[in-house]
Amino acid sequence: MLVTLSEILRDANERHYAVGAFNCLSVENVMGAIEAAEQLSSPIIIQLAEVQFPEAPMELMAPLFLQAARRSSVPVCVHLDHGQSVETCRRAIQLGFTSVMFDGAALPFEDNVAVTREVTDMAKAAGVDVEAELGKVGDSGADTADVFTDVEESVRFVQATGIDALAIAIGNLHGHYVHTPQLNIRRLIEIHEANRLPLVLHGGSGTSVDDFKACIHHGICKINVATAIQRGIMQRITERLSQHPDEGYIPLKQVMISASREVVAEHIHLFESIDRCP
Ligand code: 13P
């Protein structure tokens, strides 16, 4: 069933687990992800980032995401990841997404507040939820020390914008990690104590099990995973083709579905969202 972000995160916030948010770029990706959630009775978020539009246009992906969510037996939130403008968020809302992220983390603080507020006003009028980001989640290899989310700023930001979930920077990075990162759990605890809304961890791929567990037990309710699924699918296709060089297209589609299912299932176990659907 199709649900909003705040609906899907409420129980996670109360009972200290995280709902996985998986970037899906194909029908195989979506099918595998939803199958994993249904088999494990877990809520799930399927999402698409604006940088992914060239390979997976939002207008084409939206009907697929929405139909997969509506016919599913588990709660599914359809989310825009890293929207870069008010206009992109408006298009996502018009297409039926139940949640949008406006990413103004690179803007000066006051500008981030102003544009996020504009997105929140627009989204709330349509019954849609909003995630926003404060602090910078870098790309692999970046120096992270001076870009952590500031606790006092986070309180002002949440109050001024009226968002439903806050993405924070605590040493997490997008993409392939060169070294396994060590997240700043102390900063997470401080942000969580100061703000009771659900917190979001971006850059989930490559995080250690210990850090995942510390995160979900201290306020992270949504964890974004993209690279791990793409890697998993590529790996399975490569293995299959090395064993069966003449493998046909349809069996390869099955390989993609099951690879997506396996990677998502692995994360559902890690995030402790298994058996959370009544
Ligand atoms: P990873 O590619 O590191 O899993 O990050 C995904 C993400 O944060 C999408 O917003």
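Ligands are counted one by one from 1 in listed order, and the atoms in each one are counted from 1 as well.
Residue pairs satisfying the ring-ring contact (aromatic ring centres under 6.0 Å, His included) criterion with at least one member in residues 242-278, sequence neighbours excluded, are listed as follows: F212-F271, H267-F271. Note on residues 64-74: pairs passing side chain to side chain donor-acceptor pair (under 3.5 Å), not counting sequence neighbours, are E38-S72.
Taking 4.0 Å as the cut-off between side-chain N and carboxylate O, E131 and K222 count as a salt-bridged pair. Salt bridge status for D164 with K124: present, with a side-chain N to carboxylate O gap under 4.0 Å.
Annotation: ligand 1 has protein neighbours N23, D81, H82, L173, H174, G175, H202, G203, G204, S205, N224, V225, A226, T227, each with a heavy atom less than 4.0 angstrom from the ligand.
The hydrophobic side chain of V155 is isolated, with no ILVMFWY side chain under 4.5 Å apart from it.
A donor and an acceptor atom, one from each side chain of H16 and H218, are nowhere located under 3.5 Å apart.
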